[in-house]
Chemist: 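Questions regarding the structure given below will be posed in turn.
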Amino acid sequence: MIDYTPLWNTLKERNITQYHLIKSGIDNKTLDALKKNKNVTLLTVEKLCKIIGCTPNDIVEFKD
């Protein structure tokens, strides 16, 4: 199962708001999917990494 808890922790650590993500090109629908641990594209993961300045390991983890 995909878990995006690391994303929210990384945002908090770096003082990046959801508003900043929206202004940087991540839409509300995508943020909702992330909150619900639903699938998003690798392009979205790449965008998030560029905005936040992190690696995919900082925003997603896989659980059994």
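Please read these numbers as outputs of a predicted model, since none were measured by experiment.
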Chemist: Please identify each residue that fulfils side-chain hydrogen bond (donor to acceptor under 3.5 Å, both in side chains) with Q18, with sequence neighbours left out.
Modeler: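 Listed in chain order: K35.
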
Chemist: Mind checking the OG-NZ spacing from S24 to K47? Nearest 0.5 Å is all I need.
Modeler: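 Separation between the atoms: 10.5 Å.
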
Chemist: Quick one: pull up OG1 in T5 and CG in L34 and give me the separation to the nearest 0.5 Å.
Modeler: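 Answer for the OG1-CG pair, T5 versus L34, is 11.0 Å.
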
Chemist: When rounded to the nearest 0.5 angstrom, what distance separates CD1 in I26 from OH in Y19?
Modeler: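 Between I26 CD1 and Y19 OH, I get 15.0 Å after rounding to 0.5 Å.
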
Chemist: Extract all donor-acceptor atom pairs below 3.5 Å that involve side chains of residues 51-63 and protein atoms in other chains or at least two apart in sequence.
Modeler:
unit_1	atom_1	unit_2	atom_2	d
T55	OG1	D58	OD2	3.4
D58	OD2	T55	N	3.1
K63	NZ	D3	OD2	3.2

Chemist: List in chain and number order the residues that pass side-chain hydrogen bond (donor to acceptor under 3.5 Å, both in side chains) with N9, two or more places apart in sequence or in another chain; answer none if no residue qualifies.
Modeler: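 Not a single residue meets the side-chain hydrogen bond (donor to acceptor under 3.5 Å, both in side chains) criterion with N9.
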
Chemist: What pair of heavy atoms forms the shortest contact from H20 to I16, and how long is it?
Modeler: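 Smallest heavy-atom distance, with atoms named: CD2-CG2, 3.6 Å.
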
Chemist: If you look only at pairs with a residue in residues 13-25, which of them pass as a salt bridge (charged side-chain N to carboxylate O under 4.0 Å, His left out), with sequence neighbours excluded?
Modeler: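 Counting only pairs at least two positions apart or across chains, no salt bridge (charged side-chain N to carboxylate O under 4.0 Å, His left out) contact touches residues 13-25.
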
Chemist: Would you indicate whether the side-chain heavy atoms of D64 and M1 approach each other to under 4.5 Å?
Modeler: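 Contact flag for M1/D64 side chains = no.
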
Chemist: K12: which residues meet the side-chain hydrogen bond (donor to acceptor under 3.5 Å, both in side chains) condition with it, sequence neighbours left out?
Modeler: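 Once residues adjacent in sequence are excluded, K12 has no partner under the side-chain hydrogen bond (donor to acceptor under 3.5 Å, both in side chains) criterion.
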
Chemist: Pair I22, T17 - check side-chain contact (heavy atoms from CB on, under 4.5 Å), show working.
Modeler: CA-CA 9 Å; I22 291 168; T17 64; over 6 Å; no

Chemist: For D32, what residues pass the side chain to side chain contact (heavy atoms under 4.5 Å, CB included) criterion, not counting sequence neighbours?
Modeler: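 If we apply the side chain to side chain contact (heavy atoms under 4.5 Å, CB included) test to D32, skipping adjacent residues, the hits are K36.
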
Chemist: Tell me if the CG atom of L43 is crowded by more than 12 foreign heavy atoms within 6.0 Å.
Modeler: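 Above 12, so yes.
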
Chemist: Would you compute the distance between atom CG of L7 and atom CG of L48 and round it to the nearest 0.5 angstrom?
Modeler: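 One gets 6.0 Å once the value is rounded to the nearest 0.5 Å.
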
Chemist: For T44, enumerate each residue passing the side-chain hydrogen bond (donor to acceptor under 3.5 Å, both in side chains) test, keeping only those at least two apart in sequence or located in another chain.
Modeler: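 Here the qualifying residues are T41.
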
